[in-house]
Structures are given as structure tokens and as C-alpha cells.
Amino acid sequence: MGRTERTVRSRLTRRWIINVFLPIFAVLIAVDIALIVIIHNTVYDNLTSSLYSRAEVTAEFASGYISKNSETFYSNVKTLCEDFSDKDRMEFQVLSPDGLMLYSSSGFVSPFPRTPVDFIASLSEESGFWLGNDDLTGEKVMAVSRTLTDESASPIIVLRFICSVYNADTQIFQLALLSVSVIALILLIIVVIGTYFVRSIIRPVTDISDAAKQIAQGKLDVRIDKQYNDEIGELSATINNMAKALAETDRLENEFISIISHELRTPITAIQGWIETMSDPEMQNEAVIQKGYSIIKNETVRLKHMVEELLDFSHLQSGKLAMTFGKVEVLSEFEETVFLCMQKARAEKIRLQYADADDIPAIWGDRDRIKQVFVNILDNAIKHTPAGGTIHASISADDKFVTAIISDTGAGISAQDLPNIKKKFYKGHTTKRGTGLGLAVCDEVIKRHGGELRIESEQGKGTTVSIILPIERPENLEHTTQIPIIRP
């Protein structure tokens with residue numbers, strides 16, 4: 001067992017004991033104590049009721065002898081005492097009003113060391129009760145006394161019934177022991193189940209902890225075996241998916257660095273080469289210089305575009321993208337972008353067709369960012385459409401949204417690449433030059449306007465991009481804001 005596993009087991013065991021075992025233990029102990037108290041009270045109440053009942057029945061029977069003469073009365077009472085049927089359960093004593101024992105069902109008559117408490121109570125209240133240790137034997141007993149009176153309410157004799165509570169206490173002890181045993185068995189079962197439960201989650205939790213530490217150290221190829229179809233299994237699957245996503249992001253970032261290095265090196269190399277060529281006295285002619293100027297200008301524009309994309313990317317990574325909102329004549333911006341791109345399309349021998357639109361309302365947004373999106377989408381369409389192809393650009397509006405649609409007859413996007421095409425760094429399987437950041441930035445800009453960048457494509461047939469923007473200003477936008485970027 002490794003140190004991590006021991007630590008996890010110790011923590012889980014401690015938490016299980018505190019949060020599960022101790023509350024259950026306290027409840028079971030409380031229930032057991034309450035049960036023992038109920039058993040004790042029930043047994044003693046039954047015994048007390050039995051003595052009182054026996055005393056009342058005997059007193060009622062003996063009261064029938066009161067009308068007879070004294071000698072006959074005492075003779076009958078003596079016979080009643082000697083013939084007592086429950087001698088094995090209790091002792092029946094007959095006492096004089098002075099506290100002297102006259103008769104006993106046990107046949108043993110002796111003076112009391114002290115006057116019984118129940119006898120004293122019965123003289124004033126007709127019946128009395130006492131629970132304590134017998135003065136002669138020291139045994140714990142229970143006694144009930146019942147006084148018989150004559151017509152003048154003067155006491156004649158006192159009937160006293162006394163029994164040992166040893167059997168009752170033994171019964172209570174046995175029942176208490178049984179209840180304690182049941183409680184102990186329940187606790188043992190709980191401990192066994194709890195131990196099995198703790199052990200059943202130690203291994204997967206340890207694996208998850210070790211895997212998380214390795215992932216934090218950059219080992220993104222680590223995976224956790226999913227052993228259970230429960231919350232632990234779901235957590236394992238989630239961490240595996242996270243590691244897979246991080247590995248993919250890491251791969252894309254590495255590819256991005258490689259692409260950026262190549263993309264930056266290419267124009268810089270071209271500019272450097274043409275500067276050296278134009279500086280060579282032997283190459284000093286107008287045609288070469290003009291071509292050099294043209295290439296340097298084009299490569300400088302490319303560098304500027306890449307730097308702008310990198311700047312926007314840095315804003316995305318830092319969590320803020322500066323945007324200034326206001327009323328935007330989106331039709332004017334779209335048409336201007338289309339006409340600016342027509343010359344580039346014409347140079348690539350691509351037909352860029354624009355369908356005129358009227359009555360397009362102004363929207364609330366960032367004019368520069370919206371135009372940036374239009375330029376980026378049209379530039380991508382030109383880049384991926386072969387010579388002789390066609391690009392269609394149109395814009396329309398309904399009651400709530402303005403939709404700009406740019407479709408081309410280019411190479412299209414594969415079904416494999418389409419779901420990821422708007423992710424940062426993702427370039428798919430295209431060989432076209434670019435940083436892989438443009439669509440990610442465009443998608444984020446449109447989202448911050450409360451709109452949607454929708455891309456539909458079929459490989460070999462072309463791509464259609466719909467830029468959907470709300471006409472009314474979203475409630476959470478101000479005139480000038482910095483919109484936080486929400487990362488997944």
C-alpha cells in the first residue's frame with residue numbers, strides 16, 4: 001500500500017467514523033437505553049399490578065369472615081393463609097394493626113426488625129407499596145399491604161403480599177443483554193459494510209488522485225480505468241475527457257507555434273531576399289525594383305494581418321476583448337467589404353457576386369469588429385475557392401436579426417473538421433496558409449454581439465457561412481465595454 005493510498009484510507013475512514021458510524025452508534029445506544037428502560041418499567045409494572053390484584057382479591061374474600069365471631073374469623077384467615085396457592089411466587093402474611101405478624105404462608109412467623117413501610121401506608125390509605133431490600137434476608141423484594149376494617153372503619157388485620165424481584169431482574173437483565181447483543185451485531189454489520197465501502201472507493205480515488213497529479217505535471221497521456229458505473233466512474237471518465245481535451249489543446253498549441261513560426265518566416269524571408277536583390281547593383285532595373293516593391297508590400301500586409309490576429313488571440317487568452325458599441329449601418333459595412341474584396345477575387349480569377357439589398361436596419365454593435373468578421377470570412381472564401389469558382393454574398397433582415405451569407409464553390413470542409421473549425425488553433429487538414437485563429441476570433445466577436453456564426457459545408461462542393469446579428473441591443477451591452485471572454 002503506497003503512501004497516497006494510506007493517506008486516502010486514513011482520511012476516508014476518519015470521515016466515515018465521524019459522519020456515519022458515530023451518529024448511528026449514538027442513535028442505537030439511545031434506542032437501546034430507551035428499550036431497556038421500557039422493559040424494566042413494563043416488568044415492574046406487571047409485577048406490581050399482580051401484587052395489587054392478588055391483595056384486592058384476597059381482601060375481598062377475607063372480608064366475608066368479618067361478620068363471624070372473632071375466633072372463627074381468625075381461624076378462617078389462618079386457613080386462608082396456610083392454603084395460599086401462590087406460595088412459589090410470593091409470600092402471604094397476615095399482620096395485626098400493631099404490626100405483629102400473625103400468620104405467614106411460608107410457616108415462618110417472626111417479628112419485624114422495623115415496621116414495614118407498606119404496612120404503615122396501608123393503615124392510613126387502605127393499601128401501601130414498598131420496594132427495597134428485606135431486613136432479614138437482604139434480598140430485593142416488593143411488598144403490597146391491604147388493610148381490612150370493621151364497620152367503624154377501625155383496622156382489624158393487614159394482608160401483606162411480598163415477593164422477590166430476583167426473577168424480574170433476571171428477566172430484565174436477559175432482555176437487556178439480548179438487546180445489547182442485537183445492537184452489537186448491528187454495529188458489527190455496519191463496521192463490516194463500512195470497511196468494505198471505504199476499501200471499495202480507496203483504489204479508484206487513489207487512482208484518480210495519482211492521475212490528476214500526473215496531469216498537473218504535464219503527463220497528458222495518463223488515463224484512468226473506469227471500474228464502476230457510478231459517480232466514481234463518471235468522475236474517472238470526466239478526468240479522462242479533460243486529459244484528452246488538454247492533450248488536444250497542447251497538440252494544437254504546438255502546431256500553432258510551428259505554423260506561426262513558418263508563417264512569419266516566409267514573408268520575412270521574402271522581404272529580406274528582395275531587399276538584398278534590390279540592393280544588388282547588378283539588379284538595378286525598373287522591373288525588378290517594381291516587382292520587389294510589390295512583393296514587399298504584399299508580404300508586409302500579410303505580416304500586419306498575422307500580427308492583428310495574434311493580438312486578438314492574446315486578448316482572447318487574457319480573458320478580455322476590447323469592443324466599442326454603437327449604432328452600425330451593417331449594410332454599408334458589408335457592401336464596402338464586398339467591393340474591397342472584389343479586386344482580390346478578380347486577381348485570383350474568382351467571380352464574387354453580390355445581391356443588392358434594401359431596407360437593412362442599423363444594428364447595435366462594434367463597427368470595426370463586425371467589419372473584421374466580414375473581411376475574414378470573405379478572405380477565407382477567396383483563399384479556399386479555386387480559379388474559376390464563384391462566391392455569393394448577400395445580406396437580409398427579418399424582425400429580429402440581420403443575416404449576412406457568404407457561400408463559395410471551394411474545396412469545402414470535411415465532416416471530421418467541421419465541428420472543430422471554430423476552435424482556437426484548429427486548421428483541419430487544409431494546406432492553405434494561415435494561423436488558425438481567424439474563425440475563433442470571428443466566432444467570439446459574433447457571440448459577444450448576441451449573434452451566431454453558422455458554418456455549413458460539404459467537402460468538394462463548397463461552404464456557406466451565415467453571420468447572424470440581432471437588430472436590437474442586448475440588455476447587457478453598453479456604449480463602450482470590455483466584454484469578458486467566457487472559457488469552457
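Here the structure is a predicted model, which means the values were calculated and not measured. All residue numbers refer to positions in the sequence shown, counting from 1.
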Quick check: closest heavy atoms across [X] and [Y], and the distance to 0.1 Å?
| X | Y | result |
| --- | --- | --- |
| Phe21 | Val191 | CE1-CG2, 3.5 Å |
| Leu453 | Leu439 | CD2-O, 4.2 Å |
| Thr403 | Ile405 | CG2-CG1, 3.8 Å |
| Leu148 | Ala62 | CD1-CB, 3.7 Å |
| Tyr44 | Leu131 | CE2-CD2, 3.8 Å |
| Met101 | Ser104 | SD-CB, 4.0 Å |

Which residues pass the side-chain hydrogen bond (donor to acceptor under 3.5 Å, both in side chains) test with [X], not counting sequence neighbours?
| X | result |
| --- | --- |
| Thr464 | none |
| Glu82 | none |
| Arg15 | none |
| Arg160 | Gln93, Asp118 |

**Item:** side-chain contact (heavy atoms from CB on, under 4.5 Å) between Ser396 and Val402, intermediate numbers included
**Value:** CA-CA 6 Å; Ser396 60; Val402 171; over 6 Å; no

Determine yes or no for a side-chain-to-main-chain donor-acceptor pair under 3.5 angstrom, with [X] supplying the side chain and [Y] the backbone.
| X | Y | result |
| --- | --- | --- |
| Asn376 | Gln372 | no |
| Thr137 | Asp134 | no |
| His384 | Asn380 | yes |
| Ser457 | Ile413 | yes |
| Ser53 | Ser49 | no |
| His449 | Asp366 | yes |
| Asp98 | Leu100 | no |
| Thr238 | Glu234 | yes |

**Steps toward side-chain contact (heavy atoms from CB on, under 4.5 Å) verdict (Ile157, Leu95)** = CA-CA 6 Å; Ile157 58 172; Leu95 282 65; over 6 Å; no

Set of residues satisfying ring-ring contact (aromatic ring centres under 6.0 Å, His included) with respect to [X], sequence neighbours excluded:
| X | value |
| --- | --- |
| Phe92 | Phe84, Phe161 |
| Phe173 | none |
| Phe61 | Tyr65 |

Tell me, do [X] and [Y] make a side-chain contact under 4.5 Å, heavy atoms counted?
| X | Y | value |
| --- | --- | --- |
| Glu139 | Tyr166 | yes |
| Thr195 | Thr13 | no |
| Val141 | Val165 | no |
| Asp169 | Gln171 | no |

Interatomic distance, [X] atom [atom1] to [Y] atom [atom2] [nearest 0.5 angstrom]:
| X | Y | atom1 | atom2 | answer |
| --- | --- | --- | --- | --- |
| Ile190 | Leu28 | CD1 | CG | 5.5 Å |
| Ile395 | Ile467 | CD1 | CD1 | 8.5 Å |
| Ser179 | Ile38 | OG | CD1 | 11.0 Å |
| Ser407 | Glu456 | OG | CD | 10.5 Å |
| Arg14 | Asn19 | CZ | CG | 11.0 Å |
| Ile183 | Leu178 | CD1 | CG | 10.0 Å |

**Message:** Test side-chain hydrogen bond (donor to acceptor under 3.5 Å, both in side chains) on Ser414 and Gln459; report intermediate values, then the result.
**Reply:** CA-CA 5 Å; Ser414 69; Gln459 195 167 17; 4.7 Å; no

Sequence-distant partners of [X], salt bridge (charged side-chain N to carboxylate O under 4.0 Å, His left out), two or more places apart:
| X | answer |
| --- | --- |
| Glu56 | Arg146 |
| Lys87 | none |
| Glu472 | none |
| Arg89 | Asp86 |

Tabulate below the donor-acceptor pairs under 3.5 Å that side-chain atoms of residues 120-130 make, not counting sequence neighbours, or state none.
from	atom 1	to	atom 2	distance (Å)
Ser122	OG	Phe119	O	2.7
Ser122	OG	Thr147	OG1	3.1
Ser124	OG	Ala121	O	3.2

**Prompt:** Pick from Val94, Leu80, Val77: which one makes a side-chain contact (heavy atoms from CB on, under 4.5 Å) with Thr58?
**Reply:** Leu80

[atom1]/[X]: more than 12 non-hydrogen atoms of other groups inside 6.0 Å:
| X | atom1 | answer |
| --- | --- | --- |
| Lys244 | NZ | no |
| Tyr52 | OH | yes |
| Phe112 | CZ | yes |

**Request:** Mind running side-chain contact (heavy atoms from CB on, under 4.5 Å) on Ile156 and Thr149 for me, showing each step along the way?
**Result:** CA-CA 5 Å; Ile156 302 174; Thr149 60; 5.6 Å; no

**Request:** Carefully, step by step, assess Leu51 and Met142 under the rule side-chain contact (heavy atoms from CB on, under 4.5 Å).
**Result:** CA-CA 9 Å; Leu51 287 176; Met142 181 183 293; 3.6 Å; yes

